[in-house]
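Working notes for the structure below.
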Amino acid sequence: MGDWKRSHYCGDISAADIGREVCLMGWVQRRRDHGGLIFIDLRDREGISQLALDPDRDPAAHSKAEQVRNEFVLAARGVVSARPEGTVNAKMKTGEVEVEVRELRILNSAQTPPFMIDEFTEVAENIRLKHRYLDLRRAPLQRNLILRHLASKTVRRHLDDQGFIEIETPVLTKSTPEGARDYLVPSRVTPGTFFALPQSPQLFKQLLMVSGFDRYYQIVKCFRDEDLRADRQPEFTQIDCELSFVDRDQIIGIMESMIAEVFKATLNLEISLPMPRLSCAEAMTRFGVDNPDLRFDLELVELSNQVEKSGFKVFADVVAKGGIVKGLNAKGCSGLSRKEIDDLTEFVKIYGAKGLAYVKVQEDGSWQSPIAKFFTAEEIAAIDRALQAAPGDLLLFVADSFRIANESLGRLRGHLGNKLGLIGEGVYRFAWITDFPLLEWDQESRRHVAVHHPFTAPVEEDLALLDSDPGKVRAQAYDLVLNGSEIGGGSIRIHDQQTQKKMFSLLGIDAEEAEEKFGFLLSALEYGAPPHGGIAFGLDRLVMILTGSDSIRDVIAFPKTQKATCLLSGAPDQVDSKQLRELSIRTARPPQ
RNA sequence: GGGGCUGUAGUAGAGUCGGUUACAACGCCGGCCUGUCACGCCGGAGGUCGCGGGUUCGAGUCCCGUCAGCCCCGCCA
C-alpha cells in the first residue's frame, strides 16, 4: 500500500464528493475493457464504485488496469466526478459518480475463483463451504453477518441498560446427565477423565445468582453433539440471561422489549408489545404443536365427540381406546388432486399417523369422500359445524393417540400454510408459550424426564401434586415462539435444596448420583440462593428469521455440514499418535 | 439408525427409447473495440459424466453397492 491511506469505502462515495480526491481499496468485481477506456467495478463490504481509466488522461494507470483480473486487490487514487449525461446507472447506489483514476496500485493478484463473486450465480453448497472465505465475499452473506452483528450489539446495549452484567463462564466443564449428548475433551493432567463442552451455561449462571450478581448475561457458544438440521448446528450461540428477585412476567417484559429493539435496529420494524401469550395446552389444542406459526389460521379442531359413536370404525375405535380424532379445514382446497392428497397423507405418516382421512365439500354442501358412507347426516352436520365447512373446502382428519394426532396434523397445518401461500412476506408473529408441564413420561426409559430441564421450578400451587401426580405439575417455564420457530426458552429456577433434591429423585436420579453430578449446585443452594430465573435465546435462529434465511448456515461464518464436518478446514481429523499418548487415549476403531 | 432428493467442463444446466466425436450458456485464455456497468463482437482451450462393480455388441443413460452435499424422522433437558 506504500503510504496510501484509504479515504472512503467504495459504497460510500456519492454526488456530494464530486471534485474530491479519494483513495479506494477493494476487490475487482468486474473489468470492462473498451480497448480505449477501461471501467473497473471496485468492491468492498460497503458496496461498489466504478473506476474509470482513460488512456489519454493517465496512460500509466490505464496500462496497469489492462493486467487486472476479477478479484485482484487494488488501490486507486483519483477524483470523484459526475458521470457524463446519459451514463448514470440508476441501479447502483454510487451510480451517479465514478472515480477518474490518476494512480492505480495492484495490491495483490488473484486466481480465478471457483465461482463468481456475484449474486447471480447459484453454487452448490459443498463448493461454497469449501471456499467459504470466497462465499463470504458475496453480498448476501455479508449482509447476514453484518445484520447479526447489529442484533448482538442491540442485545448488549439493551441488557446493559437494564443493569445486566456480562460474565464469561467455563467452556471446559463437567458432563452432567440429562439433556443432549456432550462433546468431550480429554484431560491430559488427569488421565482418563474428561471435560464436557457446555450445552448451555445453565448451572454457572445460577451460581452467579447465588453470588449476588443479580442480573447476568452472555452471548455464548453452546455445544450439543446431536444430529444437524436446517436450523441446528453442533455449536451455536445463545443470548443467555439470568436474573434474581424477579417473577416470570418481569422476565418476559424485559426480554420482549429486547426482541422488539432488535427488530427496530435491524429491520426498522415496530413490534407491538406486550406479545401475545398462549398456554401450552391451548397451543396444542388449537395448533397441535407447542411452537405454532401464528401467521395464518387453519386451526385444528378436536372431533372425538362427534365421531365416537359413528360407524367409521377407524375413528370410533381410536376414541374408544383413549385416542383422539382431530380435523382441520383447508379452506377452498377441494380442488386438490388425488396425487396431492396422497402427498399430504405421506406427509402425516412421517410423524407416525397411520393415515389421513379427507372430505371434499361439494357445491351443494354434500361430502365427496371415501369415508362419507360411514356417517349419518347428523354426524356429518356436526362435523361440518365444528369445522365451519363450506362448499369448496377440504376437510382433513387424523385419528391417533393424543401426541401423534396433534403432531401430525399440526405439522400438516404448517406444511399447508406454506404450500397454500398463506404466509405473507415480512410478517412476524410472536407468542409466549407458558404453563408447560414440568415432567413428561418417557416410555423408553420408563421414567419421568424434565420437559424443560431439571432446575425448572414447579408452579407453586401445583407443588402438592409433586408426590401424588407428578405428570400434572405445571412448570414456571416459558418459550418465545416466532413464526413457528422456538427462538428462546427459560424458566424460574428451583432455589431451595429440598425441592431440587425432590426433582432429581422424580427424574430417577438417586441421592448418590445427584451428589456426584450436581453436588456443587446442591451445596450452593444451601448458602442463601436468591429466587431467580432466566432465559436463553438462540441467536442463530433469531438472525435466520431476521435475514429470511432458509438455513442456519447462512447466518454463521464458518458452519458445519450435516455430517458435522468443516469442508473448509477438514475438521474433524485424525491427530498425531503422540497427542493421543499424552492424553492416555486409544481409539477403538480406525477412521474409515 | 432410518426415509427422501441431488451428483455431467471452473460454475450452473441440457442430454429423448441404451447407439457416431457428450451439447449450448456463464466464467477462463487470445484478439478487436473510447461511455460501459451481469458491456459488445470474433476466435480458442477446457470432460475420470462422484467412485466401484454388474447387465449389454455397446452405459452419462439400466441394475447393485459406495461416497459426498442437502431435506426430513429418530435424537436435540
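Residue numbers begin at 1 in each chain, while the letters A, B, ... track the order of the sequences.
Around NZ of A:Lys130, the count of heavy atoms belonging to other residues, nucleotides or ligands within 6.0 Å does not exceed 12. By the neighbour-count criterion of 12 heavy atoms within 6.0 Å, atom CG of A:Asp469 is densely surrounded, having more than that number from other residues, nucleotides or ligands. By the 6.0 Å contact criterion, CH2 on A:Trp27 is open, its count of non-hydrogen atoms from other residues, nucleotides or ligands being 12 or less.
The interatomic distance linking A:Lys563 (NZ) with B:rA68 (P) rounds to 4 Å, in whole Å. A straight line from CD of A:Glu66 to P of B:rG31 spans 10 Å, rounded to a whole angstrom. Distance CZ (A:Arg403) to P (B:rG74): 8 Å, rounded to an integer number of Å. B:rG50 atom P lies 17 Å from atom NZ of A:Lys130, rounded to whole Å. Protein atom CG of A:Asp58 is 18 Å distant from nucleotide atom P of B:rU34, rounded to whole Å. The nearest whole Å value for the distance from the CZ atom in A:Arg138 to the C1' atom in B:rA38 is 14 Å. The CG atom of A:Asp118 sits 14 Å away from the C1' atom of B:rG10 (whole-angstrom rounding). With rounding to whole Å, A:Ile117 atom CD1 is found 13 Å from B:rA12 atom P.
Base engagement by A:Arg229 is indicated by at least one non-hydrogen atom pair under 4.0 Å involving a base atom. A:Glu125 comes within 4.0 angstrom of sugar-phosphate atoms only, judged by non-hydrogen atoms across all strands, and of no base. Heavy atoms of A:Ser200 sit under 4.0 angstrom from at least one base atom. Within 4.0 Å (heavy atoms only), A:Phe455 reaches no atom of the nucleic acid at all. Residue A:Glu122 is in sugar-phosphate contact alone, with no base atom involved, counting any heavy-atom pair closer than 4.0 Å across all strands shown. Residue-level contact check: A:Pro114 touches the backbone only, with heavy atoms under 4.0 Å from sugar-phosphate atoms and none from bases.
Nearest heavy atoms, A:Ala457 versus A:Ile494: CA-CG1, 3.6 Å.
With RNA chain B read from its 5' end, the first of the two nearest nucleotides for A:Ala230 and A:Ala52 is the one closest to A:Ala52. Between A:Glu85 and A:Arg69, the residue anchored closer to the 5' end of RNA chain B is A:Arg69, taking for each the nucleotide with the nearest heavy atom.
Checking each of A:Lys64, A:Arg77, A:Arg57 against A:Glu103 for a salt bridge (charged side-chain N to carboxylate O under 4.0 Å, His left out) leaves exactly one that passes, namely A:Arg77. A:Glu71 pairs in a side-chain hydrogen bond (donor to acceptor under 3.5 Å, both in side chains) with only one of the listed residues (A:Arg137, A:Gln111, A:Gln29), which is A:Arg137.
In this pair, A:Trp432 and A:Tyr478 present their aromatic rings perpendicular. The plane angle is above 60°, beyond the 30 to 60° band.
Remark: the separation of the C1' atoms in B:rG15 and B:rU21 is 15 Å, to the nearest Å. The gap from the P atom of B:rG69 to that of B:rG54 amounts to 28 Å, rounded to the nearest Å. On the P atoms, B:rG50 is 32 Å away from B:rC39, given to the nearest whole Å. Only the C1' atoms considered, B:rG18 is 13 Å distant from B:rC63, to the nearest whole Å. Between the C1' atoms of B:rC75 and B:rU55, the separation comes to 41 Å (whole Å). Distance noted for atom C1' between B:rG52 and B:rA59: 15 Å (whole Å). Only the C1' atoms considered, B:rU11 is 15 Å distant from B:rA38, to the nearest whole Å. Using P as the reference atom, B:rG19 and B:rG60 are 10 Å apart when rounded to the nearest Å.
When Watson-Crick and G-U wobble pairs are counted only if both distances are under 3.5 Å, B:rA24 pairs with no nucleotide at all. Pair assignment for B:rC70 gives B:rG4, based on Watson-Crick or G-U wobble hydrogen-bonding distances that are each under 3.5 Å. Remark: B:rC76 base-pairs with no nucleotide in the shown strands. Criterion, Watson-Crick or G-U wobble with two distances under 3.5 Å. Remark: B:rG60 base-pairs with no nucleotide in the shown strands. Criterion, Watson-Crick or G-U wobble with two distances under 3.5 Å. Both distances falling under 3.5 Å, in either a Watson-Crick or a G-U wobble arrangement, occur for no nucleotide opposite B:rC39. Remark: B:rU16 base-pairs with no nucleotide; criterion is Watson-Crick or G-U wobble with both hydrogen-bond distances under 3.5 Å.
The side chain of A:Met116 sits closest to B:rG27 out of B:rG30, B:rG27, B:rC75. Across B:rC73, B:rC33, B:rU11, the shortest atom-to-atom separation from the side chain of A:Asp33 is found for B:rC33. Nearest nucleotide to the A:Arg83 side chain, out of B:rG1, B:rC71, B:rU36: B:rU36. Listed candidates were B:rA68, B:rG74, B:rC72. Nearest to the side chain of A:Glu407 is B:rG74. With distances taken from any side-chain atom of A:Asp56 to the nucleotides B:rU34, B:rG69, B:rC75, the minimum falls on B:rU34. With B:rG27, B:rU34, B:rA12 as the choices, the nucleotide that has an atom nearest any side-chain atom of A:Val123 turns out to be B:rA12. When the nucleotides B:rG35, B:rG74, B:rA12 are ranked by their closest atom to the side chain of A:Arg232, B:rG74 comes out on top.
Here A:His34 lies parallel enough and close enough to stack on the base of B:rC39, with planes under 30° and ring centres under 5.5 Å apart. A stacked arrangement is assigned to A:Phe120 and the six-membered base ring of B:rA38, with a centre-to-centre distance below 5.5 Å and an interplanar angle below 30°.
Side-chain to base pairing of A:Arg128 with B:rG69: no donor and acceptor N or O lie closer than 3.5 Å to each other. Between the side chain of A:Gln50 and the base of B:rU36, a donor-acceptor pair under 3.5 Å is found. Applying the 3.5 Å distance criterion, the base of B:rG27 shares no donor-acceptor pair with the side chain of A:Asn70.
Within the 4.5 Å cutoff, the side chain of A:Phe115 has heavy atoms near those of the A:Ile127 side chain. Looking at A:Lys205 and A:Gln218, their side chains never come closer than 4.5 Å, going by heavy atoms from C-beta outward.
How far CZ of A:Arg143 is from CG of A:Leu141: 9.5 Å, rounded to the nearest 0.5 Å. Here A:Arg541 contributes atom CZ and A:Arg232 contributes atom CZ; the two are 7.5 Å apart, rounded to the nearest 0.5 Å.
For RNA chain B, the residues of residues 86-100 of chain A within the heavy-atom distance limit of 4.0 Å (strictly under) are A:Thr87, A:Val88, A:Asn89, A:Lys91, A:Met92, A:Glu98, sorted by number. Proximity of residues 35-46 of chain A to RNA chain B (heavy atom under 4.0 angstrom from any strand atom) is restricted to A:Gly35, A:Gly36, A:Leu37, A:Phe39, A:Asp41.
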Item to check | Derivation and outcome, side-chain contact (heavy atoms from CB on, under 4.5 Å), residues A:Thr121 and A:Arg138 | outcome: CA-CA 10 Å; A:Thr121 311; A:Arg138 308 210 290 176; 4.2 Å; yes
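Here A:Lys502 pairs with A:Asp467 under the salt bridge (charged side-chain N to carboxylate O under 4.0 Å, His left out) rule; sequence neighbours left out.
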